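Each chain gets a letter, A, B and so on, in the order its sequence line appears, and its residues count up from 1. The figures here come from the full heavy-atom set of this structure, side chains too, leaving out hydrogens, waters and symmetry mates. Bear in mind that the values here come from a model prediction, so they are computed numbers and not experimental data.
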Amino acid sequence: MKNIKVRYFAAYREETGIGSETVSTGAGTPAELFAECSVRHAGLQSYSAALVAINDEMSDWNTALCEDDEVLFFPPVAGG
Amino acid sequence: MKNIKVRYFAAYREETGIGSETVSTGAGTPAELFAECSVRHAGLQSYSAALVAINDEMSDWNTALCEDDEVLFFPPVAGG
Amino acid sequence: MKHFEITRQAIDPDAFRKQLLDPSCGAYVQFDGWVRNHNEGQRVLRLEYEVYEPLAVKEGQIIIDEAIERFGVTNACGVHRSGLLELSDVAVVVGVSSPHRDAAFRACRYIIDETKARLPIWKKEYYENGETEWVNCKHCGRHQSPGPEPGSDART
Amino acid sequence: MKHFEITRQAIDPDAFRKQLLDPSCGAYVQFDGWVRNHNEGQRVLRLEYEVYEPLAVKEGQIIIDEAIERFGVTNACGVHRSGLLELSDVAVVVGVSSPHRDAAFRACRYIIDETKARLPIWKKEYYENGETEWVNCKHCGRHQSPGPEPGSDART
């Protein structure tokens, strides 16, 4: 089990009602972690085409997670 | 024979040394007129890709000329 | 030189343009994104940008560098607003200077396209009927399968 | 509204931009042509535009109308200098506003391309070595057959 800090933005923050949480998880990748978080926060499932970052670097959904990583879940972006 | 006013612009004006002249010509088209003018003003032959206008309308080289037309010979343009 | 910025202040497109003036350049292309009074049939009253600034600035700079490298332009900059904006406010500006225009047009287009697809920026629209909506999310929720798609590049 | 102008005065790109502001538009693309300090290996000191104004204004308006019709943009304008210009002066500005950016980029590109190819405007460059040159003519004289080519569209 790893300790991971999870942060939610924009629509995700509004759906979960929280900006961040620290979880103890067996998830090996952001994709697994997102699935796990979606069990607790059903609203997360409403959106796809999301982006993920780890420790302030854009990442992909299959990167291996490490202890104390900070994982940022971004709902679909809409700049401009 | 028709009376035609001919105007020269930019490099053409510098080559001929005149801005305009009125000619009495048997030329039926701007292309024929240009060839005729080039005999008198050899410098005109230095440039191709020219444009022609008749009475302030862009034209093509094979339009029929009419009495008292004003024909504008434009060397290659270079706006912008 | 800082090529990509996020700001809470009104953007001045003219001051922005002046920082890119360069006597070796014959071409300058600028894109302005303005707050529009409608979207998908709804009257928009104002909007709000949420920006995750540390990553937006970093990724914005990467996009600028990619454009300079790929199109060989002389210089390029971008600035994007955060916070609350009113109609006709300037939301984003991208400018590119180059000796010739073809590269400037292509680089400018590349930067705004990538900015919209890759930067962690979200837009909430406020409508005349009192509702609000996170732009893009509506469609994703309705028309696509839920959850991230592992292995995809996750761009809308 | 007068969409295409020739002017002997300095162009103010910011004032130009403001005339195209429109709350129904989310995208604005502007092209500025600046006087560049070099051309084909020569140092340029200044340049001079000769414009046959009656036809340049008329043909410029036709190009603007073509762009609005073809790309469905909301509005478009252009302005071109005549007379003597110094380095970094603004020679030409084209601006296009549109609900969406794709049409704005394409229309802006179309207008500047056509402006350069079709308007009766000639550019004389003044070089560091004291010489002057009508731009484009040099090449046409050296590399192409002399005289107009009947039947061609005569564009460089």
Got a donor-acceptor contact below 3.5 angstrom from the C/Lys58 side chain to the A/Glu57 backbone? no
Please confirm whether the backbone N or O of A/Gly79 pairs with a side-chain atom of C/His80, one donor and one acceptor, at under 3.5 Å? no
NZ of C/Lys124 to CD of A/Glu14, rounded to nearest 0.5 Å, is 3.5 Å
How close do A/Ala78 and C/Val135 get, counting heavy atoms only, and between which atoms? CB-O, 3.7 Å
Any donor and acceptor pair, going by atom type alone, linking the side chain of C/Asn136 with main-chain N or O of A/Val77 inside 3.5 Å? yes
Residue C/Gln9 excluded, over 12 heavy atoms near CD under 6.0 Å: no
Measuring heavy-atom distances to chain A, does C/Pro54 have an atom under 4.5 Å in its side chain, in its backbone, in both, or in neither? side chain
Quick one: are C/Glu59 and A/Met58 in side-chain contact, heavy atoms under 4.5 Å? yes
Within 6.0 angstrom of C/Arg101 CZ, more than 12 heavy atoms from elsewhere: yes
With a 4.5 Å heavy-atom cut-off, do C/Trp134 and A/Pro75 have their side chains touching? no
When rounded to the nearest 0.5 Å, the distance separating CD of C/Glu50 from CZ of A/Phe74 is 10.0 Å
